[in-house]
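Being a predicted model, the structure only gives us computed values, none of them experimental.
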Amino acid sequence: MDMFLTSIQKDVLREIGNIGAGNAATSLSQLLQKKIDMEVPSIRIVALNELIEQIGGPEQIIAATVFRVEGDAPGTVYFIMSITEAENLVHELLHDNISIFDSETMKQNEMATSVLKEIGNILTGAYLSALSDFTRLDMRPSIPYLGIDMAGAVIVDGLLELSEVVDYALIIDTKISSNDPTNGINGQFFYIPDADSFNKLFSSLGINGHE
């Protein structure tokens with residue numbers, strides 16, 4: 001579908017991403033008490049069956065924060081980072097080299113998972129707020145679920161279920177960096193509207209979902 005978007009439509013999507021990134025950077029800066037820069041290198045619409053490859057394949061270990069979107073345009077949101085980048089972000093926030101998994105029990109560390117959920121909350125809230133402002137639709141994230149495992153285990157079942165009723169997803173690539181340029185984080189925000197929401201959302205953006 002991306003090939004059918006006009007340059008104006010692509011500009012609108014990029015502006016949404018940039019506004020969301022700016023809002024998220026402000027919130028993250030307050031949490032980390034340091035300057036945070038965020039940029040959106042790309043924002044696009046892709047076929048749902050391409051999403052797994054977008055994150056490196058089904059065996060890639062990821063940290064995925066999953067939300068349901070409630071309101072006028074319900075759907076599903078994933079914010080995804082590699083396990084290494086997720087751990088780096090936890091270290092940045094807690095000023096501690098804490099591991100996401102306890103080395104002895106291999107259970108998830110509650111403090112680390114709380115941090116990742118909060119980061120997911122901030123980014124998802126920022127991007128949905130930007131989408132809501134542009135479309136004038138009410139869009140609110142639910143309480144998040146955090147999955148840390150191979151991508152195939154974390155999101156494939158959900159994507160297979162969604163693919164029965166919808167065809168496309170909106171992807172916003174996200175780059176997060178602080179004063180240390182070697183410690184940048186790359187994440188991906190996937191928004192997958194429910195079947196009834198897709199045309200409502202993208203028509204509000206001047207994008208025909210059937211093109």
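The two residues M38 and A25 come nearest to each other via the heavy atoms SD-N, 3.5 Å. A73 and S197 get closest at one heavy-atom pair: C-OG, 3.3 Å. Here the closest non-hydrogen pair linking M111 and N109 is N-OD1, 2.9 Å. Of all heavy-atom pairs between G20 and A130, the closest is N-CB, 3.8 Å.
L137 places a side-chain heavy atom less than 4.5 Å from the side chain of S204. No side-chain heavy atom of L123 sits less than 4.5 Å from a side-chain heavy atom of T65. In this structure, R14 and P41 have side chains that are not in contact, with every pair of non-hydrogen atoms separated by 4.5 Å or more. Using a 4.5 Å heavy-atom threshold, the side chains of I61 and T84 count as separate. In this structure, Y78 and L51 have side chains that are not in contact, with every pair of non-hydrogen atoms separated by 4.5 Å or more. The shortest distance between side-chain heavy atoms of I100 and L116 falls below 4.5 Å.
Looking at D173 and K175, no side-chain N of the basic residue comes within less than 4.0 Å of a carboxylate O on the acidic one, giving no salt bridge.
Here the CG-OG distance, from N88 to S82, works out to 7.5 Å after rounding to the nearest 0.5 Å. Between atom CE of residue M81 and atom CD1 of residue I62 there is a gap of 10.5 Å, rounded to the nearest 0.5 Å. Atoms CD1 and OH, from I172 and Y191 in turn, are 11.0 Å apart once rounded to the nearest 0.5 Å. Once rounded to the nearest 0.5 Å, the distance linking CD1 of I119 with OG of S27 reads 9.5 Å. Here the straight-line distance linking atom CD of Q188 with atom OG of S42 works out to 8.0 Å at 0.5 Å rounding. Put simply, CD1 on I16 and OG on S129 are 11.0 Å apart, with the number rounded to the nearest 0.5 Å.
R44 places no side-chain N or O within 3.5 Å of a backbone atom of L13 that could act as its donor or acceptor partner. Counting only distance, with no hydrogens or angles, the side chain of Q60 and the backbone of A151 share no donor-acceptor pair below 3.5 Å. No donor-acceptor pair closer than 3.5 Å links the side chain of R68 to the backbone N or O of P144. For T76 (side chain) and I192 (main-chain N/O), no donor-acceptor pair under 3.5 Å exists by modelled atom type. A donor-acceptor pair under 3.5 Å is formed between the side chain of K200 and the backbone N or O of D72.
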- Query: Under the side-chain contact (heavy atoms from CB on, under 4.5 Å) criterion, do E118 and I122 qualify, and how do the steps go?
  - Reply: CA-CA 6 Å; E118 182 60 22; I122 289 170; 3.9 Å; yes

- Could you go step by step and tell me if I148 and I83 meet the side-chain contact (heavy atoms from CB on, under 4.5 Å) rule? CA-CA 8 Å; I148 303 175; I83 188 68; 3.4 Å; yes

- Query: Taking it one step at a time, do V154 and I80 satisfy side-chain contact (heavy atoms from CB on, under 4.5 Å)?
  - Reply: CA-CA 10 Å; V154 177; I80 294 173; over 6 Å; no

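A ring-ring contact (aromatic ring centres under 6.0 Å, His included) with Y127 is found for exactly one of F189, F79, F67, namely F189.
By the side chain to side chain donor-acceptor pair (under 3.5 Å) test, D138 is found to be paired with R140, residues two or more places apart in sequence or in another chain being considered.
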